[in-house]
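As the structure is a prediction and not an experimental result, all values here were calculated from the model. So you know, we letter chains A, B, ... as the sequences are listed, proteins then strands, and number each from 1.
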2 protein chains.
Amino acid sequence: MKKIIKQYFNVAVSVDNVVFGFDADGLKVLLISRGSEPFPGSWALPGDLISPEMDLEYSAERVLKQLTGLDQLFMEQIQTFGRVDRHPFGRVFTIAYFALIKVEQYHPQASSWAKDVAWFKVTEIPTLPFDHREILEYARRELKNRIRTQTLVFELLPKYFTLTELQFIHESILEEEFDVRNFRKKTLSSGIIEETGKLQKNVTHRPAKLYRFNASKAKQLDFEGGIL
Amino acid sequence: MKKIIKQYFNVAVSVDNVVFGFDADGLKVLLISRGSEPFPGSWALPGDLISPEMDLEYSAERVLKQLTGLDQLFMEQIQTFGRVDRHPFGRVFTIAYFALIKVEQYHPQASSWAKDVAWFKVTEIPTLPFDHREILEYARRELKNRIRTQTLVFELLPKYFTLTELQFIHESILEEEFDVRNFRKKTLSSGIIEETGKLQKNVTHRPAKLYRFNASKAKQLDFEGGIL
DNA sequence: CCAAAAGTGTTTAAATTACACCCATGG
DNA sequence: CCATGGGTGTAATTTAAACACTTTTGG
């Protein structure tokens, strides 16, 4: 028993969060500027070693909150990365999560050892330490899959949104274009988004109708897949 | 740095493998009878603590080989489980993998601390220790998803198989029935399975044609999804 | 000749794709 | 009145679903 502890209970576990956000110029990822070893000064996924006393799910939320102030986000586990040499301090397994955020409604702020925090377009990511690049690419693929098979696109949109935004977000994530009329027909016929009667304000063109996701209708219809 | 080591490098990581097999009476899972603490004598998923010197992927293969003799199987990571109290010896994160096996072509044998090894129908699983029940159910759901989105059903079938077997395996995994004619139309039209000219032998009814998966054709067609 | 599973086509309904013009607003 | 993005319908094609009888073999 003592031998077992010595032989096996000597590794560490971390979580790394891939936080996706969405705004007028497309899909973004939240990175922090590291203020401690290893790799101080470099942009990286908000992640940290986790303490043995907390459940895994909760640890992921806590790390994110500690580094960025973000809380109460939609989060799901994606994959664990365990290459022997992925961390310079020793053997660290990292469990990657992704989180989806309504950019307008939260204001991430660096805290703890994070010196800064910023959104980066997914097409303009700087060099990342550890295997964070690999984790990010994996997360992007998973987001593609899950946007098609789960009803989670609304986690990225504000409460009121236009169909054009809904289409643009799908196009950004799936890296594919859709026909405007077919897209509208399909999404509206799902029965899970509804008109609000409101219109866009202060736009220099015909104002678009604002829609909202009807979660209770979705539940009632047993709607669980993607909207496309 | 020393503090960090003391504070974080004191947990363990294990892998647990959910090995799916398929034969005439349906979908099976391979379990071992545990010959060591904790839970000696109980049936469990073949899994074990892993050593800090090996890559994660390789650890999963190695644990499976050590306990059951099985090697060179198709394996994929599914999810990591990290409830604080899931292991009585301390904080153990476990990374679950699933493996798919052609039952006819391998003969699992208990070794190391596994005292026995046996196939159990997925509908007749005994009580399992740790959170193995939860892991198994998660693996079944993942298998359902992946059978529809990846070309992996052939990992469970022998080299030569009948279309009835192909249909039965889909029905077993997806827990859903399909129309014979529609099933055959769809699978054959995929272009990735081919007749071999061979027939079943020693059956007490009209012998079925034997087909085989044409992997190079699949690659050529960029066929990546499920066959249904 | 019987039992048991293999094998085979057509019709209907539903979903997907392709495609082009007018509308409402602010400046 | 112009620029900008919002908004709309129909026909053609493809895909999915429903459905019942004949064939081949071994015993």
Side-chain angles (χ1 to χ4, degrees), chain A residues 22-26 147-149 157-158 160-172 174-212 221-228, chain B residues 22-26 147-149 157-158 160-172 174-212 221-228:
Chain A
F22 175 74
D23 70 12
D25 52 74
I147 210 86
R148 281 200 175 275
T149 56
L157 287 168
Y160 300 109
F161 53 84
T162 69
L163 293 186
T164 303
E165 286 169 335
L166 186 63
Q167 178 168 353
F168 181 49
I169 195 170
H170 277 96
E171 293 179 338
S172 301
L174 297 172
E175 300 175 290
E176 187 181 345
E177 303 208 331
F178 302 98
D179 177 86
V180 188
R181 281 168 291 190
N182 293 339
F183 182 88
R184 286 168 174 251
K185 237 179 301 169
K186 199 159 172 186
T187 51
L188 288 175
S189 71
S190 70
I192 64 166
I193 61 182
E194 60 184 16
E195 278 194 42
T196 60
K198 298 180 199 298
L199 295 177
Q200 274 183 322
K201 292 250 160 78
N202 306 317
V203 287
T204 172
H205 53 75
R206 175 175 176 179
K209 290 183 186 171
L210 293 170
Y211 291 80
R212 101 184 112 201
L221 295 171
D222 270 314
F223 191 98
E224 292 189 333
I227 202 170
L228 269 191
Chain B
F22 175 74
D23 70 12
D25 51 75
I147 211 86
R148 281 200 174 276
T149 55
L157 287 168
Y160 300 108
F161 55 83
T162 69
L163 292 187
T164 303
E165 286 169 335
L166 185 64
Q167 180 168 351
F168 182 49
I169 195 171
H170 276 94
E171 293 179 337
S172 302
L174 297 171
E175 301 174 290
E176 188 182 344
E177 302 208 330
F178 301 98
D179 176 86
V180 188
R181 282 168 289 191
N182 293 338
F183 183 89
R184 287 169 173 252
K185 239 179 300 170
K186 199 159 174 185
T187 51
L188 288 175
S189 72
S190 71
I192 63 166
I193 61 183
E194 62 185 14
E195 277 195 43
T196 60
K198 299 180 200 295
L199 294 176
Q200 272 184 321
K201 290 250 161 77
N202 306 317
V203 287
T204 170
H205 55 75
R206 174 173 177 180
K209 290 183 184 170
L210 293 169
Y211 292 80
R212 105 184 110 199
L221 295 170
D222 270 314
F223 190 98
E224 292 188 331
I227 201 170
L228 268 190

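- With sequence neighbours excluded, no residue satisfies side chain to side chain donor-acceptor pair (under 3.5 Å) with B/Asp222.
- With a cutoff of under 4.0 Å to any heavy atom of chain B, the contacted region of DNA chain C is bounded 5' to 3' by C/dA4 to C/dT10.
- The separation between A/Leu210 atom CG and D/dG6 atom P is 11 Å, rounded to whole Å.
- Protein atom CD of A/Gln167 is 12 Å distant from nucleotide atom C1' of D/dG5, rounded to whole Å.
- How far CD of B/Glu171 is from CG of B/Leu166: 10.0 Å, rounded to the nearest 0.5 Å.
- Rounding to the nearest 0.5 Å gives a distance of 9.5 Å between CZ of B/Phe161 and OG1 of B/Thr196.
- Taking atom CZ on A/Phe178 and atom C1' on D/dT8, their separation rounds to 20 Å, with Å as the unit.
- Put simply, the side chain of A/Ile147 does not reach to within 4.5 Å of the side chain of A/Ile169, judged on heavy atoms.
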Its contact letters, B for base, S for sugar-phosphate only and - for none at protein heavy atoms under 4.0 Å, make nucleotides 18-27 of chain D read BBB--BBBS-
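- Around atom CD of B/Glu177, no more than 12 heavy atoms belonging to other residues, nucleotides or ligands sit under 6.0 Å away.
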Derivation of the side-chain contact (heavy atoms from CB on, under 4.5 Å) call for B/Leu210 and B/Leu199:
CA-CA 5 Å; B/Leu210 293 169; B/Leu199 294 176; 5.8 Å; no
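- The CD atom of B/Gln167 sits 9.5 Å away from atom NE2 of B/His170, with the distance rounded to the nearest 0.5 Å.
- Contact annotation for A/Thr162: no contact, since no heavy-atom pair falls under 4.0 Å across all strands.
- Atom OG1 of B/Thr164 is separated from atom NZ of B/Lys209 by 12.0 Å, given to the nearest 0.5 angstrom.
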